[in-house]
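Hydrogens, waters and symmetry mates are skipped; everything else that's a heavy atom, side chains included, is used.
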Amino acid sequence: MSFFSYSPRSLKHGLVAYGMDRLPDEILIVILSCLNLKEAVRTSIISRRWRYLWRFTSCSLEFLNQWDGNPGTWVEPTVFLSWVDQVVKLHQGPSLDKFIVHCQGITDESPNRICDWIRFAMEKEVKVFDLDISCHDFPDLNKFLSISREVKPSVDRIGLTSLTSLSLVDVNVKDEMIEYLLSSCRHLEHLCIKFDNYMKKLNVLSSSLKSLSIFYCTKLKSLTISAANLLSFVYGEASMSPVLKLQLQNVPLLSELQLKGPHCGSFLFEPSEHSKYSHQLQRLVLNVPMLDVVSAPRHDHSLFGLPQLQCLKQLDLILHARAGESFLFFVLLTTACPFLSSLGVMMFYDSLASKEAIATGLRRYNRAKADLTAHGHPCLKVIKLINFAGYRSDFRFALALLQIAKSLEKIIIKPGPGFLGAERIATVRERAKQLEANLPQGAELLIVSDLQIGSDLRTYHKELNC
């Protein structure tokens, strides 16, 4: 719709020339519903007939006020939210697919604002309800039910019954409210809760839910999930959060799991606790804190076993480590995934390992060389090493992977700064030559820039807010 740059007179002339001005209002409203909010509002300057058409759009109202480094694209939060409230009052369409409000920055805590938006979402039978706004509370269950009865006093099923997706970021909500929404929203497929300070014990019971994301709920102590159609679960845990009791009881279709924080240790080192669902996973992302990376070399996998990952095809690891620390355990982890085809590893060096730890890692690697040969991996085709700094530890890690990946097609390396940001490009290139000499027949090694690789892992890293 490049015609928005034209003057109202020329724009009207163009619409007349193409016959659009002869279309009935109903058709024009359908067309406007395909535009974003700003574009739809701009059409109000065309003529008197067009002045109010945007108010009847049914596709989406998306209000995004996020800092991107450009002051011209960001509005002071109080002013921005007042504008949101005004548009909500003006909208006259019978329904709305999406209602999205993202506002970065400290905002005034108006107790009625979110209640008004919820009332609006109920009236318009909103399907996607997405709020990212700090210093606000979602109403408690009694208040929510009161709003519902005001909107639909004569209807048995009350609330946000049309919801298919709900996302609450920086909006505090209580356990019982989420549990009510899960039970009353029979079409809810996607639920995301991030930066919550109220939830303590959450039971997720749903037959419709397909994806669940829980990030940094600082008081959450217990999370029980029973969702027969759940495909994806993402859990990000803050370092200061209480120890979480996590139970996945009925998740027969779960195929993607992303974990960040201390709970990674349980998944890696207590495999029996997760055996009910780990065997069915096809995609796994682990954002492993340094404490668990340091503990990994001391884990006796011959005694406790490795996670059961018989169906896993893609494994992405984000490892926070001390430079020089052994990654041998994570090579062994790949041997528990017989159908693994893609491995991505992003490394972050938070400190420098002691000389003793480095020497111990080297001895363990030398002892494991023979065992690794026996673990030839038949399906691993692609390996991505991101922030590869050329330390002896990550070099041995790469060598060990090459040793088992008999069917490897490509290993891609993106150089990283290493500990304290030291320039190590020359070291990485020297290490790359040594790795190239150990490539399986037919495989290639690529060294690439930041823009060419790692988009998936960077996305995970950003989403899990490491």
Side-chain angles (χ1 to χ4, degrees), residues 259-260 264-265 267-269 271 284-302 304 306-307 309 312 314-337 340 342-373 375 377 380 382-405 408 411-419 424 427-428 431-432 434-435 438 445 454 457 460-461 466:
L259 295 175
K260 186 266 177 179
C264 288
F267 187 89
L268 291 170
F269 308 137
L284 176 64
V285 181
L286 297 178
N287 193 325
V288 189
M290 184 167 62
L291 181 62
D292 289 325
V293 175
V294 172
S295 302
R298 297 191 292 271
H299 176 69
D300 188 351
H301 67 278
S302 62
F304 298 100
L306 292 167
L309 301 168
L312 199 69
Q314 181 174 342
L315 173 62
D316 292 314
L317 301 170
I318 302 169
L319 305 179
H320 298 260
R322 299 183 301 196
E325 199 73 60
S326 172
F327 295 139
L328 183 61
F329 171 82
F330 299 98
V331 179
L332 297 174
L333 180 63
T334 66
T335 66
C337 321
L340 184 69
S342 176
L343 171 67
V345 183
M346 178 180 279
M347 307 166 189
F348 289 93
Y349 296 104
D350 302 323
S351 60
L352 190 64
S354 65
K355 292 182 179 179
E356 181 182 356
I358 294 174
T360 301
L362 179 59
R363 289 195 296 271
R364 285 173 174 157
Y365 170 74
N366 289 331
R367 287 199 300 268
K369 273 185 176 180
D371 293 337
L372 289 174
T373 304
H375 286 296
H377 206 295
L380 187 56
V382 179
I383 298 172
K384 301 178 183 180
L385 301 179
I386 303 165
N387 291 342
F388 182 83
Y391 291 115
R392 281 181 290 180
S393 57
D394 48 10
F395 174 64
R396 290 196 297 269
F397 177 53
L399 273 179
L401 290 173
L402 294 180
Q403 189 174 344
I404 65 171
L408 187 70
I411 178 170
I412 308 172
I413 292 176
K414 187 199 84 67
F419 177 56
R424 298 187 61 84
T427 304
V428 170
R431 294 294 197 189
Q434 298 175 40
L435 291 174
N438 289 271
L445 184 147
L457 279 175
Y460 294 137
H461 190 257
C466 307

Tell me, please, which residues at least two apart from Ala432 pass side chain to side chain contact (heavy atoms under 4.5 Å, CB included). Leu445, Ile447

Are any non-hydrogen side-chain atoms of Thr335 and His377 less than 4.5 angstrom apart? no

Measure the shortest side-chain to side-chain distance between Val345 and Met347 over non-hydrogen atoms and say whether it is less than 4.5 angstrom. yes

Could you check Phe269 against Leu306 for side-chain contact (heavy atoms from CB on, under 4.5 Å), going step by step and ending with a plain yes or no? CA-CA 7 Å; Phe269 308 137; Leu306 292 167; over 6 Å; no

Side chain to side chain, Lys414 and Asn387, heavy atoms closer than 4.5 Å: yes

Closest heavy-atom pair and its distance - Pro307, Leu268: CD-O, 3.8 Å

Would Ile412 and Leu385 satisfy side-chain contact (heavy atoms from CB on, under 4.5 Å), going step by step from the backbone distance to the final call? CA-CA 6 Å; Ile412 308 172; Leu385 301 179; over 6 Å; no

How long is the straight-line distance from NZ of Lys260 back to CG of Leu286, given to the nearest 0.5 Å? 13.0 Å

Could you tell me the separation between the CG atom of Leu401 and the CZ atom of Phe330, rounded to the nearest 0.5 Å? 12.0 Å

Using side-chain contact (heavy atoms from CB on, under 4.5 Å), reason through Leu315 and Leu333 one step at a time and then give a plain yes or no. CA-CA 10 Å; Leu315 173 62; Leu333 180 63; 4.2 Å; yes

So, taking the atom named CG in Leu328 and the one named OG in Ser393, what distance separates them when rounded to the nearest 0.5 Å? 11.5 Å

Any donor and acceptor pair, going by atom type alone, linking the side chain of Arg431 with main-chain N or O of Phe395 inside 3.5 Å? no

Atom CZ of Phe327 and atom CG of Leu319: how far apart are they, to the nearest 0.5 Å? 5.5 Å

Treating Asp394 as the side-chain partner and Tyr391 as the backbone partner, does any N or O pair qualify as donor plus acceptor under 3.5 Å? yes

Is the shortest heavy-atom distance from the side chain of Asn438 to the side chain of Gln403 under 4.5 Å? no

Measuring from atom CG of Leu343 to atom SG of Cys337, what distance do you get when rounded to the nearest 0.5 angstrom? 9.0 Å

Give the intermediate values and the outcome of side-chain contact (heavy atoms from CB on, under 4.5 Å) for residues Leu309 and Leu284. CA-CA 9 Å; Leu309 301 168; Leu284 176 64; 4.2 Å; yes

Indicate whether the side chain of Asn287 and that of His320 have a donor and an acceptor atom separated by less than 3.5 Å. yes

Does the side chain of Ile404 reach to within under 4.5 Å of the side chain of Val331, using non-hydrogen atoms? yes

Not counting sequence neighbours, which residues clear ring pair (Phe, Tyr, Trp, His ring centres under 6.0 Å) with Phe267? List them please. His274

Side chains of Gln314 and Asp316: does their closest heavy-atom pair fall under 4.5 Å? yes

Got a second to check how far Cys264's SG is from Asp292's CG, nearest 0.5 Å? 7.0 Å

Taking the side chain as everything from C-beta on, heavy atoms only, tell me whether Leu399 gets closer than 4.5 Å to Leu435. yes

Kindly indicate whether the side chain of Leu408, heavy atoms from C-beta on, has any atom under 4.5 Å from the side chain of Ile383. yes

